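Input: a single structure, listed below in structure tokens.
So you know, we letter chains A, B, ... as the sequences are listed, proteins then strands, and number each from 1. Predicted, not measured: the structure shown is a model, and the values here were computed from it.
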There are 2 protein chains.
Amino acid sequence: MPIDKKTTTIQDVARLANVSTATVSRALSAPDRVSETTRARIAEAIRATGYTLNQAGRSLRQRSAKTILVALPDIRNPFFSSILDAIEREAAGRGFGVLVLNLYFGHETIRRLQDFLLSNRADGLLLLDGSVDMHMLRNLTGAAGSIPLVVACEEIPNSGFHTVLTDNVEAADRATQHLIDLGHRKIGHLVGPDHNIVSRERLIGYSRALARANLPALPEWQLRGNFDMESGFATAARFMALSDRPTAVFASNDESAIGFLSGLRNYGMMCPRDVSIVGFDDLGVAPHYAPPLTTMRQPRETLGRMAAEALIDLVEEPLSLSAPIRIVLRSELVVRESTSRVASIVSPQPEEIVAS
Amino acid sequence: MPIDKKTTTIQDVARLANVSTATVSRALSAPDRVSETTRARIAEAIRATGYTLNQAGRSLRQRSAKTILVALPDIRNPFFSSILDAIEREAAGRGFGVLVLNLYFGHETIRRLQDFLLSNRADGLLLLDGSVDMHMLRNLTGAAGSIPLVVACEEIPNSGFHTVLTDNVEAADRATQHLIDLGHRKIGHLVGPDHNIVSRERLIGYSRALARANLPALPEWQLRGNFDMESGFATAARFMALSDRPTAVFASNDESAIGFLSGLRNYGMMCPRDVSIVGFDDLGVAPHYAPPLTTMRQPRETLGRMAAEALIDLVEEPLSLSAPIRIVLRSELVVRESTSRVASIVSPQPEEIVAS
DNA sequence: TTGGTTTATGCAATCGATTACACGCGGCCA
DNA sequence: TGGCCGCGTGTAATCGATTGCATAAACCAA
């Protein structure tokens, strides 16, 4: 029960154990350089004083904070938060702390990023967003002696940064192919935000699958959205307004798929009876939605873990001047009930109900 | 474009501006104690050298890290992650960093908490979990000169800690009352984990509403679960096995409600036709579920923000030896389509389909 | 003009831990 | 026996910023 008025320092331990502070320090960070008996005496003194190391002192001297900075566009998004979770676990296992930073963009955010990195509060940056300006990043991490950086989830093309991601083109292709395999010939796509790399890649994969199967790729079947439920919901109205409607839709993520289905219900459209839909991400709710969602599952935990691993490796072993790391993970198609074989040609038309 | 081989320190700035380091330091932290002209010279020197402050140095001297530690049971849970989001915003606005820590419990976790707090890496603890041992916490934060602590979301009864939460009993009462108002007389409850305070409080609110309305409170209508979708799903089977089934259910959170509904569908039960259900939390998916979920919306953003505010106030103004802060927020009932008036006495029974 | 106050700045100690260098000692080999 | 090695330890400098105290200059009131 060491209730200390003032913090106990390494000095206190040294005094009690009758050694110098240097020896105490060594006993902690390089135990084999200290004799058995001294080590025991120090251990006892530490217990007696209730000493805990002051990280600020160590950081100052060693120029490392045992902390990584994770910058992400939206913590609330379950996709990111589960990656963050995996990152935290990995970091914890290796004795690193995790600072989180919301990226809203604008100058303020960049300044904050800079502050954290250049002020020795974090030893490396794990970036879960590809839309940060590449040159700015290079300036930031290149300055002040090369701060380790790993970009995860999204890619910054031609940047040469270390990257851990999934192959979105290939996965989108496979998702679309699944619909093709079910006999669908008219396949739409809920596109993500314009500027977003991931959304562009998924569009490419979708187009590639259609092209390979010689299927029509009508521009009006590419319904633009924003990766969130609200925009998926809004998209449903535009979908219903189409004169020639797809029988299946590949949504660029689960959230937009869910919003879309929610919107379609207001028109009396049933999934998969009237429209098959395949999503992306396999959110927690996907297996319990109505209907359970067919979706591409990204290995989120693996992704977060490997990204954290890579970053911490870089932090601990800064000698890596070799080629940039590039880890590409494979997503897995999870077939549930939101996709089915295309209905016979003369399927019953849904009642046309006005949206609420 | 200050590409620095070695970090630039306050010394470099001082040299260039022809002043002492003391003056540079003051120019940064107490600008009004430095003359107009000197300040300008220093500002210029800072720009020229690309100086950024070394937080480790400052922390060491000032014994404060400008960082708070947020400890939570599960980052992936959208409920927590949106609170975390609000916390981060508030902290960012006040110049504080946010360290996150997953609590898995067991000795390891406690040790990590301790490390962070006692090592000067964090100035205060924001705890989003009521199940941490109170005495241990008091030891931790009481030792080493009183580390500020705010408990949010959940309460640690009789602990006297500063707390920000919602009134779960009252909200659960109101949710149940909503079902009563719709004419339901047989109302079940998906109970959360036993040891969890929140889940206990919601059970109390449920019971209170039933008692007030003189409605039966059969023990077998309290279906135990775990706050997650899987357990909600599993609960559906037990529900179906009941000889006398409730016509409405108050679920202790949205996730279990969703899992439960998902399970019920396998038995051909329709919501709200056969069972009305009200959830808790208003997760993002709630308005877009099928059916859209009636639920109690907790003011998550407000809660996170206020908790962060309170904690940072305490960190910055440690003189508060007054009464513990206690902020109780009110939740809001959001009525959607998962609840409806009770069906007429002789409602058509659902086909009994075997669960898949 | 004088004594006192304010303002702007510098000097140097300090925060707590790490680590380069040095030293003493025992053992080993030639 | 002398020289060398390596182990265990201590001494003291160091990391970068802050701050108590001192001082000089400027200002003001009498």
Side-chain angles (χ1 to χ4, degrees), chain A residues 4-43 45-46 49-66 95 115 117-121 123 144-145, chain B residues 4-43 45-46 49-66 95 115 117-121 123 144-145:
Chain A
D4 326 302
K5 271 285 157 263
K6 42 196 68 173
T7 41
T8 80
T9 75
I10 204 172
Q11 319 265 2
D12 303 322
V13 176
R15 201 172 316 121
L16 192 62
N18 246 307
V19 293
S20 73
T21 61
T23 305
V24 177
S25 175
R26 280 189 286 254
L28 289 172
S29 48
D32 47 338
R33 302 191 51 64
V34 174
S35 77
E36 177 78 87
T37 58
T38 315
R39 217 185 315 160
R41 228 168 47 248
I42 291 175
I46 288 179
T49 54
Y51 167 77
T52 51
L53 181 129
N54 182 321
Q55 183 65 33
R58 170 182 281 185
S59 292
L60 178 58
R61 180 64 221 242
Q62 298 195 321
R63 327 169 131 272
S64 93
K66 278 278 192 177
D115 267 13
L117 290 176
L118 269 46
S119 71
N120 224 309
R121 300 176 78 163
D123 305 323
Chain B
D4 325 304
K5 272 283 159 262
K6 43 196 66 175
T7 40
T8 79
T9 75
I10 205 172
Q11 320 265 1
D12 302 323
V13 176
R15 201 173 315 121
L16 192 61
N18 246 308
V19 292
S20 74
T21 61
T23 305
V24 177
S25 175
R26 281 189 284 253
L28 290 172
S29 48
D32 46 338
R33 302 193 49 65
V34 174
S35 77
E36 178 79 356
T37 58
T38 315
R39 219 185 315 160
R41 227 166 52 248
I42 291 175
I46 288 179
T49 53
Y51 167 77
T52 52
L53 181 128
N54 183 320
Q55 181 66 34
R58 169 181 280 186
S59 292
L60 178 57
R61 180 65 220 240
Q62 298 195 322
R63 324 167 136 273
S64 92
K66 277 274 191 181
D115 267 12
L117 290 176
L118 269 44
S119 72
N120 225 310
R121 300 177 78 164
D123 305 323

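- Here the straight-line distance linking atom CG of Leu16(B) with atom CD1 of Ile42(B) works out to 10.5 Å at 0.5 Å rounding.
- The stretch residues 17-28 of chain B touches DNA chain C through Asn18(B), Val19(B), Ser20(B), Ala22(B), Thr23(B), Arg26(B), each having a heavy atom under 4.0 angstrom from the strand.
- Residue Ser35(B) has a polar side-chain atom (N or O) positioned under 4.0 Å from OP1 or OP2 of dT9(C).
- Counting distance only, with no hydrogens placed and no angle test, the side-chain atoms of Arg58(A) and the base atoms of dT18(C) include no donor-acceptor pair under 3.5 Å.
- Position along DNA chain D of the nearest nucleotide to Arg41(A) versus Leu53(B) favours Arg41(A) as the more 5'-ward residue.
- The phosphate of dA17(C) has neither OP1 nor OP2 within less than 4.0 Å of any side-chain N or O from Ser29(A).
- An OP1 or OP2 oxygen of dG16(C) is reached within less than 4.0 angstrom by no side-chain nitrogen or oxygen of Gln55(A).
- For the pair Arg63(A) CZ and dA17(C) P, the interatomic distance rounds to 18 Å; values are reported in whole Å.
- Between Arg121(B) atom CZ and dA17(C) atom P there is a gap of 14 Å when expressed in whole angstrom units.
- Here Ser59(B) does not reach the OP1 or OP2 of dC15(C): none of its side-chain N or O atoms lies under 4.0 Å away.
- Out of dA13(C), dT9(D), dC15(D), the shortest distance to the side chain of Leu60(A) is found at dC15(D).
- Between atom CZ of residue Arg39(A) and atom CD1 of residue Ile46(A) there is a gap of 12.0 Å, rounded to the nearest 0.5 Å.
- When the P atom of dA17(D) is taken as reference, atom CD1 of Ile10(B) falls 5 Å away, rounded to whole Å.
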